[in-house]
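Notes follow the structure.
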Amino acid sequence: MFSTPFVLTFSLLLSLPILFFLAPRILPPKPHSLPISPSDELDDITLFNRAITLANSRATTASATNPSKFFHLSSKNPSLKIAFLFLTNTDLHFSPLWDLYFRDTPSNLFNIYIHADPSVNITRPLSPLFADKFIPSKRTFRASPTLISATRRLLATALLDDPANAYFALLSQHCVPLHSFTYTYRSLLLSPTFDSSDPESSRIGIRLKYKSFIEILSHAPKLWKRYTSRGRYAMMPEVPFEQFRVGSQFFALTRRHALLVVKDRTLWRKFKIPCYRDDECYPEEHYFPTLLSMADPDGCTKYTLTKVNWTGTVNGHPYTYRPPEVSSELILRLRQSNNSESYLFARKFTPDCLEPLMRIAKSVIFRD
């Protein structure tokens, strides 16, 4: 007859395989990234609230004086600006190219803001164009909600800084311009035909609608896996799967949509949850398309102005261009778009592409 201790020990040994099998289904999985700290969250909320309060104050003042002119995008208003938002965790490799891009451009047509990861030793460009353009920043991690926070930080800072900022173009250190600044400005703010995907948005010589250029896709490979990367029901009820969207994180938002992003609290509570699947978790590619699609789908073009080549994707990264590939033919090919008259920016280029890009800058890139 077996003793009771023996039976208990034997039973425990038999149950171990069962426990190992059931544990992943019973216990919550461990998130692959750390949550955003309460102090960082508080800093952001303080910044966002300042931007919202100032925007509301300006709206009240403008409404009392001339409501039709408040932040109205008009070709007759030469003071409107494009805010260029650089999000980086390395040196700005192409700052000499951007310096040439902005050269001889009136300062009342653009602003520059740079969010640089403070944990990285970044060499600041020597050009005075980028002096004092670095905003208070927090550490960022790929495929984490920190990239959403950094982008919202850039938007809030630009909203606070200058009421003339009308478009907000998000770029990375790997982005390069495909046209001159003049072409970019005219395309976004003046051209009545640039958005060729919406023929009703313009009449001859008159721009009727100003939309945000942001990619919004409702059908994409592995969309369900991306949606459930925080857990099967983590996004409910605020974001049902039918309203979950994906798209490029690089966009050009109107001021109205930039303020909408900064004001959001509801969707952010969902998208800031750390993911359990690091292979399908790209919050920065989901948050902005989902938010704007839910809030104002008709106010977005649903396509981006930053050309990316996803052929030969490696570990979620797009194709990266190298010096031997840089040519006038490449620039002309990258400009081609089915939705607008042209792409305005492109990525992704290695740092050593700077020299060949500078060689063709004046003769090709900035020659429209």
Using every non-hydrogen atom in the two residues, find where [X] and [Y] come nearest and quote the distance to one decimal.
X: R58; Y: L160; value: NH2-O, 3.5 Å
X: R347; Y: C175; value: CD-SG, 3.8 Å
X: G247; Y: P289; value: N-CG, 3.7 Å
X: P145; Y: P283; value: N-CG, 3.8 Å
X: P240; Y: P237; value: CD-O, 3.7 Å
X: P297; Y: K302; value: O-NZ, 2.9 Å

Modelled atom types, side-chain donor and acceptor of [X] and [Y], under 3.5 Å:
X: T146; Y: S144; result: yes
X: H317; Y: T320; result: no
X: T140; Y: N89; result: no
X: Q173; Y: T90; result: yes
X: D195; Y: Y210; result: no
X: S337; Y: N339; result: no
X: S187; Y: E341; result: no

Is it the case that one hydrophobic cluster holds both [X] and [Y], taking links as side-chain heavy atoms less than 4.5 Å apart, direct or via other members?
X: M235; Y: L291; value: yes
X: I148; Y: I273; value: no
X: F251; Y: Y282; value: no
X: M236; Y: W224; value: yes
X: L344; Y: L189; value: yes

Distance check, rounded to the nearest 0.5 Å: [X] atom [atom1] versus [Y] atom [atom2]?
X: L305; Y: E215; atom1: CG; atom2: CD; result: 11.0 Å
X: D368; Y: L178; atom1: CG; atom2: CG; result: 10.5 Å
X: R153; Y: L85; atom1: CZ; atom2: CG; result: 13.0 Å
X: I214; Y: R245; atom1: CD1; atom2: CZ; result: 12.0 Å
X: F84; Y: L154; atom1: CZ; atom2: CG; result: 13.5 Å
X: L357; Y: H93; atom1: CG; atom2: NE2; result: 13.0 Å

Can you label the angle between the Y227 ring and the F241 ring as parallel, tilted or perpendicular, going by 30° and 60°?
-> perpendicular
Using the ring of each side chain (for Trp, its six-membered ring), is W98 parallel, tilted or perpendicular to Y101, with breaks at 30° and 60°?
-> perpendicular
Using the side chain to side chain donor-acceptor pair (under 3.5 Å) rule, collect all pairs that involve residues 124-134, keeping only residues at least two apart or in two chains.
-> D99-S127
Close side-chain approach of [X] and [Y], heavy atoms under 4.5 Å:
X: R226; Y: V246; value: yes
X: L42; Y: S39; value: no
X: P177; Y: T184; value: no
X: V176; Y: Y321; value: no
X: L223; Y: L217; value: no
X: S37; Y: K138; value: no
X: F271; Y: V239; value: yes
X: M358; Y: F94; value: no

Using modelled atom types and a 3.5 Å cut-off, is there a donor and acceptor pairing between side-chain atoms of [X] and backbone atoms of [Y]?
X: R152; Y: F48; answer: no
X: S293; Y: T290; answer: no
X: R265; Y: V262; answer: yes
X: T304; Y: F250; answer: yes
X: S172; Y: L87; answer: no
X: S342; Y: R335; answer: yes
X: T151; Y: L147; answer: yes

Ring centers of F110, F181 separated by less than 6.0 Å | yes
Are F86 and Y113 close enough that their ring centers fall under 6.0 Å?
-> no
Pair up each side-chain donor or acceptor in residues 323-331 with any protein partner under 3.5 Å, not counting sequence neighbours, and list the distances.
{"from": "E325", "atom 1": "OE1", "to": "Y319", "atom 2": "OH", "distance (Å)": "2.4"}
{"from": "E325", "atom 1": "OE2", "to": "Y319", "atom 2": "OH", "distance (Å)": "3.2"}
{"from": "E325", "atom 1": "OE2", "to": "R322", "atom 2": "N", "distance (Å)": "3.0"}
{"from": "S327", "atom 1": "OG", "to": "E329", "atom 2": "N", "distance (Å)": "3.4"}
{"from": "S327", "atom 1": "OG", "to": "E329", "atom 2": "OE1", "distance (Å)": "3.3"}
{"from": "S327", "atom 1": "OG", "to": "L330", "atom 2": "N", "distance (Å)": "3.2"}

Does I45 CD1 have over 12 foreign heavy atoms under 6.0 Å away?
-> yes
Check ion pair [X]-[Y] (N to O, under 4.0 angstrom):
X: R256; Y: D296; value: yes
X: D162; Y: K81; value: yes
X: E238; Y: R269; value: no

Can you check side chain to side chain contact (heavy atoms under 4.5 Å, CB included) on N56 and T53, steps first, answer last?
-> CA-CA 5 Å; N56 291 338; T53 300; 5.7 Å; no
Take F213 and Y303 through the side chain to side chain contact (heavy atoms under 4.5 Å, CB included) test and state the conclusion after the steps.
-> CA-CA 6 Å; F213 293 88; Y303 66 87; 3.4 Å; yes
For K362, which residues count as a salt bridge (charged side-chain N to carboxylate O under 4.0 Å, His left out) partner, sequence neighbours excluded?
-> none
From L260, V261, L259, residue fulfilling side-chain contact (heavy atoms from CB on, under 4.5 Å) relative to K263 = L259
Step by step, work out the side chain to side chain contact (heavy atoms under 4.5 Å, CB included) result for F168 and L159.
-> CA-CA 9 Å; F168 301 74; L159 286 165; 3.7 Å; yes
Side chain to side chain contact (heavy atoms under 4.5 Å, CB included) between L334 and Y343, intermediate numbers included | CA-CA 7 Å; L334 292 175; Y343 281 104; over 6 Å; no
